[in-house]
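Before I ask anything, let me first share the structure, which is written out below as structure tokens.
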Amino acid sequence: MNAAELVVFIIYLVFMIGIGVFFFLRSKGANEKDYFLGGRQMGAWVSALSAGASDMSAWVLMGLPASVYLAGMGQTWIAIGLAIGYALSWIFEAPRLRRFSIVANDSITIPQYLTNRFLSKSKALQIICAVIFVFAYTIYAASSILACGTLFNTVIGMDATVAMFIAAAIIIGYTFLGGFSAVCWTDFFQGLLMLAALLVAPIFALALVRSGEVQASAQFPANYWSFAENWKDIASGLGWGLGYFGMPHIIIRFMSLRSQKELRKSSVIGISWTVIILVMSVMAGAVGRVFMGEISDSATVFIQMTRRIFPPVISGVLLSAILAASMSTADSQLLASASAFASDVYKPVFRKNASDKEMLWAGRLVVVVIAIIALLIAVNPKSGTIMDLVANAWGVFGAAFGPTILLSLFWRRLTFSGAAAGIVCGAAVDILWLAFLKGTGLYEIIPGFAAGLIAAVVVSKLTPAPSKDVQALFDKATSPE
């Protein structure tokens, strides 16, 4: 156990809670839109780094480097797919989604947008979306809590289960108190910290190897440096990029920006940040193999490399990036789940006349409930690795929402029934492929995304065209500003 690293962790965690308290004290008179979308007043830098940090969970510091460390450069296709998908989502999806969400009755959640996009009074689509949200986000949040437990156990010797409980309590704390604004600002600082850590550690390790101060003695598996073993590896890696088009906690940032001008600036910042992060994450795994040689737990390659290079205070700061990555994703997931339940199920189904204050507390209660369930999944040793949990949740979201959201933004003929069919079929095929056809080696998001796209188009063609009012809404959202 290292006292200096522990002190740095504590200072960092107190700072995160402080941000939540700050926005809680500022929240007098706040309404549902303020808590769940920051009042659409987010600036370019905060939105860009918040979107990136909420995306790049602990897997970018532990899961992806571990995959590259173990399996070699073939895992780079995951990073390539993510970089392409992220860039395309900012360039093509973000501008339209922001405009559409405003035109569609100033929607503040993705399920709300999808319902208002068709001027529908039916709440079926909102409820379907909310159920998928809660299911997938609980699994996703579990991966972040699991990463926190691994970090504290490796660095300071704390029992992993105890560490998970502490991390969950802190994440609940500032999300519960400050809402979207607190989440975005904590993510902003955490995004900067993640970038610094991934830039510094691999570069210093490589410099030490090249200078001869550290002897490179790693044994590499056959074809370690090969970028492609078969087409399934390439397709599965690139398939990760499809997830961005339907990842609610990321694309909700597109809706929160204060103007289209800020969005364009934010896209440049966000894409640049993400590309650098992904390149350095891959580098961390490969350099870690050279620098560390054989280690028993590949998930700790970044942790062990950092501790071996730097003195305790600096390593504590850099390793806080793993806390940052874990928390910045978990808080966004909890808030997205809470907003989906409170705005899309609780108010329209159970309490149609719920006040703003009641809605805020309903959302906060859901934050606590989902975090507790995610914690129970994380402490279960049979739940899988960090990368497994992330891949499962990522696939469900991408397959369920990606095709439908893209069609809603670019295809005038999409109908309410087509949207519902696309979401249900995409999620169902993704889950069934994972359950029964995982052995094929093809990432389930690819057949799931294809099924969702086909279902949405076919059902839309078989059902009556949207009304003139719905088509007018589409034309208004797509007309030049």
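None of these values were measured; they are calculated from a predicted model. All heavy atoms count here, side chains included; hydrogens, waters and symmetry mates do not.
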Self-check item: Atom NZ of K438 with >12 non-hydrogen neighbours under 6.0 angstrom
Solution: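 No, NZ of K438 has 12 or fewer neighbouring heavy atoms, counting only those of other groups under 6.0 Å.
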
Quiz item: Hey, does F416 have a side-chain heavy atom less than 4.5 Å from the side chain of P466?
Solution: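 They are not in contact (no side-chain heavy atoms under 4.5 Å apart), so the answer is no.
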
Self-check item: Y244 ring center near W394 ring center (under 6.0 Å)
Solution: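 Ring centres of W394 and Y244 closer than 6.0 Å.
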
Practice problem: Over all heavy atoms of both residues, which pair between V68 and G285 is shortest? Give the atoms and the distance, please. | Solution: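 In this case the closest contact between V68 and G285 is CG1-C, 4.0 Å.
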
Quiz item: Side chain of S120, backbone of N116: donor and acceptor closer than 3.5 Å?
Solution: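 Not confirmed, S120 side chain does not pair with N116 backbone.
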
Quiz item: Can you list every pair that meets salt bridge (charged side-chain N to carboxylate O under 4.0 Å, His left out) and has a residue in residues 401-420, with sequence neighbours left out?
Solution: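 For residues 401-420, and leaving out neighbouring residues, the salt bridge (charged side-chain N to carboxylate O under 4.0 Å, His left out) pairs sorted by first residue read R412-D475.
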
Quiz item: Going by heavy atoms in the side chains, are S320 and L193 under 4.5 Å from each other?
Solution: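 Touching, per the 4.5 Å side-chain cut-off.
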
Practice problem: Show your reasoning for whether side chain to side chain contact (heavy atoms under 4.5 Å, CB included) applies to W240 and I445. | Solution: CA-CA 7 Å; W240 278 77; I445 194 174; over 6 Å; no

Self-check item: CZ-CG distance between F100 and L409, expressed to the nearest 0.5 angstrom
Solution: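 CG of L409 is found 5.5 Å from CZ of F100.
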
Practice problem: Write down the atom of A400, the atom of I132, and the distance for their closest heavy-atom approach. | Solution: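 Residues A400 and I132, closest heavy atoms: CB-CD1, 4.4 Å.
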
Practice problem: Mark yes or no for whether D430, through its side chain, and G448, through its backbone, hold a donor-acceptor pair below 3.5 Å. | Solution: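 No; zero donor-acceptor contacts below 3.5 Å.
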
Exercise. Starting from the C-alpha separation in whole Å, work towards a yes-or-no answer on side chain to side chain contact (heavy atoms under 4.5 Å, CB included) for V282 and Q75.
Key: CA-CA 8 Å; V282 171; Q75 299 299 303; over 6 Å; no

Self-check item: Gap separating the CD1 atom of I251 from the CD1 atom of I405, nearest 0.5 angstrom
Solution: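 Spacing of CD1 (I251) from CD1 (I405) equals 3.5 Å.
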
Quiz item: When you measure from the side chain of K476 to the backbone N and O of V103, does any donor-acceptor pair fall under 3.5 Å?
Solution: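 No: the side chain of K476 does not pair with the backbone of V103.
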
Quiz item: Taking the six-membered ring for Trp, are the ring centroids of F118 and F474 within less than 6.0 Å of each other?
Solution: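 That pair fails the under 6.0 Å test.
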
Exercise. Can you measure from CG (N392) to OG (S383) and round to the nearest 0.5 angstrom?
Key: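 The distance works out to 10.5 Å.
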
Quiz item: Hey, is the main chain of D233 close enough, under 3.5 Å, to the side chain of N230 for a donor-acceptor pair?
Solution: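 Yes; judged by distance alone, with no hydrogens or angles, the pair exists.
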
Quiz item: Any donor and acceptor pair, going by atom type alone, linking the side chain of T404 with main-chain N or O of F401 inside 3.5 Å?
Solution: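 No, T404 side chain to F401 backbone: no donor-acceptor pair under 3.5 Å.
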
Quiz item: Does any non-hydrogen side-chain atom of I80 lie less than 4.5 Å from one of I234?
Solution: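 They are not in contact (no side-chain heavy atoms under 4.5 Å apart), so the answer is no.
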
Exercise. Compare all side-chain heavy atoms of L114 with those of C129 and state whether any distance is below 4.5 angstrom.
Key: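 They are in side-chain contact.
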
Self-check item: Closest non-hydrogen atom pair between R117 and L473, with its separation
Solution: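 Heavy atoms only, the tightest pair is O-CD2, 4.0 Å.
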
Self-check item: R98 side chain to F254 backbone, donor-acceptor under 3.5 Å
Solution: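 Side chain of R98 to backbone of F254: no pair is present.
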
Practice problem: For residues K461 and V458, determine if any side-chain heavy atom of one lies less than 4.5 Å from a side-chain heavy atom of the other. | Solution: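 They are not in contact (no side-chain heavy atoms under 4.5 Å apart), so the answer is no.
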
Quiz prompt | Identified side chain to side chain contact (heavy atoms under 4.5 Å, CB included) counterpart of F449 within the set V429, L406, I454 | solution =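 It is L406, the one option of V429, L406, I454 that forms the side chain to side chain contact (heavy atoms under 4.5 Å, CB included) with F449.
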
Quiz item: Under 4.5 Å between any side-chain heavy atoms of C148 and M164, yes or no?
Solution: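 No, too far: nothing below the 4.5 Å cut-off.
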
Practice problem: Just do the side chain to side chain contact (heavy atoms under 4.5 Å, CB included) check on M62 and F302 with the steps written out, would you? | Solution: CA-CA 7 Å; M62 298 176 72; F302 180 82; 5.8 Å; no

Exercise. Keeping the roles fixed (side chain from T138, backbone from A374), state whether a donor-acceptor pair exists under 3.5 Å.
Key: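 No, T138 side chain to A374 backbone: no donor-acceptor pair under 3.5 Å.
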
Quiz item: With side chains defined as the heavy atoms from C-beta onward, is the minimum distance between L61 and S281 less than 4.5 Å?
Solution: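 No; the side chains remain at least 4.5 Å from each other.
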
Exercise. Check side-chain hydrogen bond (donor to acceptor under 3.5 Å, both in side chains) between D388 and all other residues, then give those that pass, not counting sequence neighbours.
Key: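 For D388, the residues satisfying side-chain hydrogen bond (donor to acceptor under 3.5 Å, both in side chains) (neighbours in sequence not counted) are T385.
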
Practice problem: Ignoring hydrogens and angles, state whether a donor on the side chain of S101 or S107 is under 3.5 Å from an acceptor on the partner side chain. | Solution: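 There is no such pair between these side chains.
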
Exercise. Find the distance between CZ (F133) and CD1 (I370) and round it off to the nearest 0.5 Å.
Key: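 The CZ atom of F133 sits 10.5 Å away from the CD1 atom of I370.
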
Quiz item: Is the count of non-hydrogen atoms from other residues, nucleotides or ligands lying under 6.0 Å from F92 atom CZ greater than 12?
Solution: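 At most 12 heavy atoms, drawn from other residues, nucleotides or ligands, come within 6.0 Å of this atom.
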
Quiz item: Which atom pair, heavy atoms only, marks the closest approach of V396 to A136?
Solution: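 Heavy-atom minimum between the residues: CG1-CB, 4.2 Å.
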
Exercise. Identify the heavy atoms of A419 and L414 that sit nearest to each other, and give their distance.
Key: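 Smallest heavy-atom distance, with atoms named: N-CD1, 4.1 Å.
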
Quiz item: Closest heavy-atom contact between A456 and L407?
Solution: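 Answer, listing the atom of A456 first, then L407: CB-CD1, 3.6 Å.
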
Exercise. Taking the side chain as every heavy atom from C-beta outward, state whether W433 and I446 have any atom pair closer than 4.5 Å.
Key: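 Result no, sub-4.5 Å side-chain heavy-atom pair not found.
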
Self-check item: Main-chain N/O of A477 paired with R99 side-chain donor or acceptor, under 3.5 Å
Solution: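 Yes: the side chain of R99 pairs with the backbone of A477.
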
Exercise. Compute the centroid of each ring, for F227 and then for W77, and state whether the two points are separated by less than 6.0 Å.
Key: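 No - the distance between ring centres of F227 and W77 does not fall below the 6.0 Å cut-off.
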
Self-check item: Atom pair CG/OG of L125 and S417 - distance to nearest 0.5 Å
Solution: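 Reported to 0.5 Å precision, the distance equals 9.5 Å.
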
Quiz item: About how many Å separate CG of L82 and CG of L64, when rounded to the nearest 0.5 Å?
Solution: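 Taking CG in L64 and CG in L82, the distance rounds to 8.0 Å.
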
Quiz item: What do the steps show when you test L88 against F245 for side chain to side chain contact (heavy atoms under 4.5 Å, CB included), and what is the final call?
Solution: CA-CA 9 Å; L88 293 177; F245 299 113; 3.9 Å; yes

Quiz item: Is a donor on one side and an acceptor on the other found under 3.5 Å between the side chain of T463 and the backbone of S460?
Solution: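 Confirmed, T463 side chain pairs with S460 backbone.
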
Quiz item: Is there a donor-acceptor pair under 3.5 Å between the side chain of T150 and the backbone N or O of L146?
Solution: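 Side chain of T150 to backbone of L146: a pair is present.
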
